[in-house]
Visitor: 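Pasting a structure below so you can have a look.
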Amino acid sequence: MTSYPPLPQSFYQQPTLELAQSLLGCLLVHETSEGITSGYIVETEAYRGALDRAAHSFNNRRTKRTEIMFHTPGHIYTYTMHRQVLLNVVSADAEIPEAVLIRELEPKDGMPLMETRRPGRKPRELTNGPGKLCQAMGIIQSHYGGHFINPPLYITEGYNPEQVETGPRIGIPNAQEAKDFPWRFWVHGNRYVSR
DNA sequence: TGTGCGATGCTCT
DNA sequence: GAGCATCGCACAC
């Protein structure tokens, strides 16, 4: 099985909205004893702590859960929503609680392994949601606090998306004015992007 | 292929 | 004890 060179720390040192776009087309890789799974990132959302009513860290709220967002960029922020695990990339400098949510992947390596983790699903249903992709990739809550520049869970160079689209984020009806911020980014025309 | 809705557990107040 | 950055199923077309 192939390994890949992780993107360096410097990649994460860019403004959150730019990082959210730069991540599109990058390859998310998870190496486990069962094998490698990987997929291209095709949809992201930015969450910008202090200003953003939709963010857990709104108004710089600092709790056990949001603590990692106050760290340096490139850290792994996982949390559970209902029964799912969701995966975020911490962005912005230390003490600035911002992050990018990874919403959808296009599977690359290890699709058979993904299918064993999500039995009975069609190929495009393996990773077309933030909770689903964590299941398919074997990402669990205990990845919280890790770093994307090291295996087993890391991000490497992928392809350059031809066209990126932006729009309002999904599933945050109570965020008032923040729900209309065009902070969702996706690869135009990719068949793994659902909505 | 698309929409609607109920189950569900963890975190914070 | 309330509120969710969701998913899967049922049902219509």
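These figures come from a predicted structure and were not determined experimentally. We name chains A, B, ... by the order of the sequence lines, and we start the count at 1 in each one. No hydrogens, no waters, no symmetry mates; every other heavy atom, side chains included, goes into these values.
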Visitor: Relative to the ring of Tyr159(A), is the ring of Tyr40(A) parallel (under 30°), tilted (30 to 60°) or perpendicular (over 60°)?
Guide: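 The rings of Tyr40(A) and Tyr159(A) stand perpendicular, inter-plane angle above 60°.
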Visitor: Under 4.0 Å, heavy atoms only, any strand: does Arg121(A) hit a base, just the sugar-phosphate, or nothing?
Guide: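 Touches sugar-phosphate only.
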Visitor: dT6(C) C1' sits how many Å from Gln141(A) CD, rounded?
Guide: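 About 15 Å, once rounded to whole Å.
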Visitor: Hey, does the side chain of Thr80(A) come within less than 4.0 Å of dG9(B)'s phosphate (OP1/OP2), counting only N and O?
Guide: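 So the side chain of Thr80(A) is outside the cut-off, no N or O lying under 4.0 Å from OP1 or OP2 of dG9(B).
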Visitor: Under 3.5 Å, is there a donor on one side chain and an acceptor on the other for Tyr154(A) and Glu31(A)?
Guide: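 Side chains of Tyr154(A) and Glu31(A): pair found under 3.5 Å.
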Visitor: Return the CE to NZ distance between Met114(A) and Lys108(A), rounded to the nearest 0.5 Å.
Guide: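 With rounding to 0.5 Å, CE (Met114(A)) is 10.5 Å from NZ (Lys108(A)).
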Visitor: Of all the choices, dC12(B), dA5(C), dC4(C), which nucleotide is nearest to the side chain of Thr63(A) once you look at every atom?
Guide: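 Of dC12(B), dA5(C), dC4(C), dC12(B) is nearest to the side chain of Thr63(A).
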Visitor: As a test of your reading of the structure, name each stem of DNA chain B as range with range, where a stem is three or more consecutive Watson-Crick or G-U pairs at under 3.5 Å.
Guide: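 In DNA chain B, stems of three or more pairs: B:1-7 with C:6-12, B:9-12 with C:1-4.
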Visitor: Which nucleotide in the list dA5(C), dC7(C), dT13(B) gets nearest to the side chain of Arg61(A)?
Guide: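 Output: dT13(B).
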Visitor: What's Arg169(A) touching, base or sugar-phosphate or nothing? Going by heavy atoms closer than 4.0 Å.
Guide: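 Since no nucleic acid heavy atom lies under 4.0 Å of Arg169(A), the category is nothing.
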Visitor: Find the distance Arg62(A):CZ to dT11(B):C1' and express it as a whole number of Å.
Guide: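 Atom CZ in Arg62(A) sits about 17 Å away from atom C1' in dT11(B).
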Visitor: Atom NZ of Lys132(A) to atom C1' of dG8(C): distance rounded to whole Å?
Guide: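 Taking NZ of Lys132(A) and C1' of dG8(C), I get 8 Å after rounding.
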Visitor: Can you measure Phe58(A) atom CZ to dA5(C) atom C1' for me and round it to whole angstrom units?
Guide: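 Taking atom C1' of dA5(C) as the reference, CZ of Phe58(A) is at 15 Å.
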Visitor: Scan Arg53(A) against the nucleic acid and name what it touches under 4.0 Å (heavy atoms): base, sugar-phosphate only, or nothing.
Guide: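 It contacts nothing in the nucleic acid.
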Visitor: Between Met81(A) (CE) and dA2(C) (P), how many Å, whole number?
Guide: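 Between P of dA2(C) and CE of Met81(A): 17 Å.
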Visitor: Given atom CD of Glu98(A) and atom P of dA5(C), what is their separation to the nearest angstrom?
Guide: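 Taking CD of Glu98(A) and P of dA5(C), I get 18 Å after rounding.
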Visitor: If the test is side chain to side chain contact (heavy atoms under 4.5 Å, CB included), which one of Val89(A), Val100(A), Leu19(A) qualifies with Thr44(A)?
Guide: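 Single side chain to side chain contact (heavy atoms under 4.5 Å, CB included) partner of Thr44(A) among Val89(A), Val100(A), Leu19(A): Val100(A).
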Visitor: Should we count CZ of Arg83(A) as having more than 12 external heavy atoms under 6.0 Å?
Guide: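 No, CZ of Arg83(A) has 12 or fewer neighbouring heavy atoms, counting only those of other groups under 6.0 Å.
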Visitor: If you compare every side-chain N and O of Arg83(A) against the phosphate oxygens of dG8(C) (OP1, OP2), does one of them come in below 4.0 Å?
Guide: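 The answer is no; no side-chain N or O of Arg83(A) sits under 4.0 Å from OP1 or OP2.
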Visitor: Below the 4.0 Å mark, does dA5(C) have OP1 or OP2 next to a side-chain nitrogen or oxygen of Arg184(A)?
Guide: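 Looking at the OP1 and OP2 atoms of dA5(C), neither is under 4.0 Å from any side-chain N or O of Arg184(A).
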Visitor: Is it the case that Arg169(A) places NZ or CZ above or below the six-membered ring of Tyr47(A), under 6.0 angstrom from the centre and within 45 degrees of the axis?
Guide: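 Yes, a cation-pi geometry.
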Visitor: Quick check for you: among dA5(C), dG8(C), dC12(B), whose closest atom lies nearest to any side-chain atom of Tyr47(A)?
Guide: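 Side chain of Tyr47(A) sits closest to dA5(C).
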Visitor: Determine the contact category for Leu101(A): base if any of its heavy atoms lies under 4.0 Å from a base atom, sugar-phosphate if only primed atoms, P, OP1 or OP2 are that close, otherwise nothing.
Guide: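 Result for Leu101(A) = base.
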Visitor: Measure up the His75(A) and His71(A) rings against each other and bin them: parallel (under 30°), tilted (30 to 60°), perpendicular (over 60°).
Guide: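 Perpendicular: the ring planes of His75(A) and His71(A) meet at over 60°.
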Visitor: Could you give the NZ-to-C1' distance, from Lys122(A) to dC7(C), as a whole number of Å?
Guide: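 For the pair Lys122(A) NZ and dC7(C) C1', the rounded distance is 15 Å.
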Visitor: Could you pick out which residue, Ile172(A) or Gln135(A), lies toward the 5' side of DNA chain C when each is mapped onto its nearest nucleotide?
Guide: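 Per heavy-atom nearest nucleotide, the more 5' residue is Ile172(A).
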Visitor: Stacking between dC10(B) and His82(A), yes or no? Criterion: centroid separation under 5.5 angstrom, plane angle under 30 degrees.
Guide: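 No, His82(A) does not stack on the base of dC10(B).
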Visitor: Is it true that Thr66(A) and Ser57(A) share a donor-acceptor pair across their side chains at a distance under 3.5 Å?
Guide: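 There is no such pair (donor and acceptor under 3.5 Å, judged by atom type) between the side chains of Ser57(A) and Thr66(A).
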